[in-house]
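Numbered from 1 within each chain, the chains take letters A, B, ... in sequence-line order.
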Number of protein chains: 2
Amino acid sequence: MADPEFVAPRRAGILDVAARAGVSRQTVTRAMNDMPGINAATKQRVLEAARELHYRPSRFGRGLVTKVAPTLGLIVVDLTNSFWAELASRVLDAATRRGWTVLIAESAHGGVAAASSLVGQVDAVFGHVELDDSHIEEVFGSMPLVLFDRSPESQSRATIILDFGSAIQAAIEHLLVRGRQHIAMLDWSLSSRRSWRAEQFAAEMTSRGRDPRVLLTHTDADPDLDAARGAAEEALHLWPDTDAIVCFNDVVAIGVIKQLTESGVDVPDQIAVVGMDGLALGLVVTPELTTLQLDFQAVADLAVDLVIQIAEGQAPVRGPEVHRSVTPELTVRRST
Amino acid sequence: MADPEFVAPRRAGILDVAARAGVSRQTVTRAMNDMPGINAATKQRVLEAARELHYRPSRFGRGLVTKVAPTLGLIVVDLTNSFWAELASRVLDAATRRGWTVLIAESAHGGVAAASSLVGQVDAVFGHVELDDSHIEEVFGSMPLVLFDRSPESQSRATIILDFGSAIQAAIEHLLVRGRQHIAMLDWSLSSRRSWRAEQFAAEMTSRGRDPRVLLTHTDADPDLDAARGAAEEALHLWPDTDAIVCFNDVVAIGVIKQLTESGVDVPDQIAVVGMDGLALGLVVTPELTTLQLDFQAVADLAVDLVIQIAEGQAPVRGPEVHRSVTPELTVRRST
DNA sequence: TTGTAAGCGTTATCAC
DNA sequence: GTGATAACGCTTACAA
């Protein structure tokens, strides 16, 4: 048990290196940081001692005394989903340009634990948080926080709002003008409630005196291709005269196009398909996807600016001043 | 100039809060961290003082005295590219499961600067580094580092090698068996040299006594759909009798399929198409893509395990012991 | 060229 | 319930 080989597994510190090299710790610093004013031979000796001891400077000790880039925590659901990947890419870019670094957590894998592990590692947080307001306060406390795409009801904390309302109106108008008679929406939700997007769709349809057909699929994960194909089948069974389908997002839309095409239904001749989000994915499929294009760059810039302002105390943590709205626009391509 | 309002913009520290609340700094700690043994009224007073001063504990000071999760730096080229997004997702997952957090940098946006900014913020690095060996030493110094997908020549630092050799052989075999006569490869490279993948293709074709047709496109960014379409056109112009195309990766393959389909060439009847990497994207297109499937999960697990071992001094920083090879496998779908 | 001293902001220990 | 003191590991003065 008292094996002399098993001494303190504590990581070597600057003092250990100094002792081993027979110099002061200041000399070690000079050697490690390529600073001037050190004898080449001494430097070599120190570097060797450091290597032998597996010494690496502690980033905390160092961060305490030098100015280092602040860190933004970004919470996405799943990088495998193009939506989150595109958002993350833009946020990374926006943050980097402002001299911030980015720590990413995926809630799909880590869940709430992933989100809370960010706290204490970062200086501010932006992203998608599934918790309700009281839990948010509990987890994030005084952490500067900007929420992404929360329903406009909970407007306490700073939020980036995706306002699809006008784009949805434009899409419906576009479909009706081109003679589509029976428009259905394939909705998706992690809760059992309709999404905000579907609410907007239904409201607009109703206000035009049309039947607001909404098929809600409720799963515990983001929609994938196969699930979307099933939903498409179900919708056509429910409403066989459907000649246009508006989808919760682009991934669903692509699944729908695939299902229809393979069933021998022509898109767009027999059924038009509209997606939402404007992922690059929409250009991959045939026919290319008509979609409600979200400006990811704008979202990222807005969010990063906002969260930095809050972190620097130049903007309040909550209140209407810290709510930003982004408005997607209808982009017409071949699927309608 | 001497505006009295512009006092030290220095962030408030725990001592400032303590002074303002009229308590010791230890009491502030107790209040901030929800620790027991503090009067409820005192706690409120402290919390209020903290809020007024915009006080937030320094993560460095805290990291110095508490055990916090170590951080892995991940360098990807571009999260907008599904390849890197899928890899990042797996690495995030693998690292999180091992109690590490992940800091991501995109070299497409930040360049080398992005990579070097990681140093000093993290405890180890994994990812794609474009630099040559000597520059790597310069930038990363003693940082534990695992490189991703470097050509097997530079085997100094720890590396995850993607060995497409056998899968490429299998793909060629598969195409020939099905009667394809003239197989061409669309290669891609950021340097002016053929990729390692193309080398393998050419070698295998030559060893079978076939003409090794390789069209190299050289750009300064990852291939995108449009560029791939152009390359496809060029290849058919060069070798009109081509009846099978092997692509540098799935993105190129998808661009090729799109180009062929819109030109009225049937895939796979007239021309078969094979991709590499095995992205989820391959299931989106019609026909679904035959590809050389890389196991991203395995790559991530291998890489994270390896880099952690190195960081903990249980594996050497360089040498053949720290080279891991991953072998993709041919997945046949409808495009061949 | 090298060493000494001070301080960065926090939490843990132990006394009150 | 509260406060003093001692670390934590490092860098930046400044002195030798």
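Using a 4.0 Å heavy-atom cutoff across all strands shown, B/Ile14 reaches at least one base atom of the nucleic acid. Here A/Arg59 lies out of heavy-atom contact (under 4.0 Å) with every strand. Here B/Thr66 lies in heavy-atom contact (under 4.0 Å) with sugar-phosphate atoms only.
One finds no salt bridge joining A/Arg20 and A/Glu48 here, because no Lys/Arg side-chain nitrogen approaches an Asp/Glu carboxylate oxygen to under 4.0 Å. A salt bridge is absent between A/Asp305 and A/Arg324; no separation between the charged side-chain nitrogens and carboxylate oxygens falls under 4.0 Å.
Distance from the side chain of A/Ser24 is smallest to C/dG3 among D/dC10, C/dG3, C/dC8. Here the side chain of B/Gln26 is nearest to one of D/dC10, D/dT5, D/dA4, namely D/dA4. Here D/dA7 is the nucleotide among D/dA7, C/dG3, C/dT2 with the atom lying nearest to any side-chain atom of B/Val65. Distances were taken from every side-chain heavy atom of B/Thr29 (C-beta onward) to each of C/dT11, C/dG9, C/dG3; the shortest belongs to C/dT11. With distances taken from any side-chain atom of B/Tyr55 to the nucleotides D/dC10, D/dG9, C/dT10, the minimum falls on C/dT10. Out of C/dG3, D/dT11, D/dA4, the shortest distance to the side chain of A/Thr27 is found at C/dG3.
Between the CZ atom of B/Arg11 and the P atom of C/dC8 there is a distance of 14 Å, given to the nearest Å. Spacing between atom NZ of A/Lys43 and atom P of C/dT2 amounts to 12 Å, rounded to whole angstrom units. For the pair B/Arg25 CZ and C/dG7 C1', the interatomic distance rounds to 11 Å; values are reported in whole Å. Atom CZ of A/Arg56 and atom C1' of D/dC10 are 14 Å apart (whole Å). Taking atom CG of residue B/Leu64 and atom P of nucleotide C/dC8, one finds them 14 Å apart after rounding to whole Å. In this structure, B/Met35 places its CE atom 14 Å from P of C/dT10, rounding to the nearest Å. In this structure, A/Ile38 atom CD1 and D/dT11 atom C1' are separated by 15 Å, rounded to whole Å. A/Met32 places its CE atom 9 Å from the P atom of D/dT11, with the value rounded to the nearest Å.
Taking the six-membered ring for Trp and thresholds of 30 and 60 degrees, A/Phe148 and A/Phe83 have ring planes inclined between 30 and 60 degrees apart.
Between C/dC8 and B/Ser58, no contact under 4.0 Å exists linking OP1 or OP2 to a side-chain N or O.
Of the candidates A/Val102, A/Val122, A/Thr71, B/Leu103 forms a side chain to side chain contact (heavy atoms under 4.5 Å, CB included) with just one, namely A/Thr71.
Aromatic rings from B/Trp100 and B/Phe126 are positioned such that their centres are separated by 6.0 Å or more.
A donor-acceptor contact under 3.5 angstrom links the side-chain atoms of A/Arg30 to the base of C/dG3.
In this structure, B/Gly61 and B/Asn39 both approach DNA chain D, and ranking their closest nucleotides by distance from the 5' end singles out B/Asn39.
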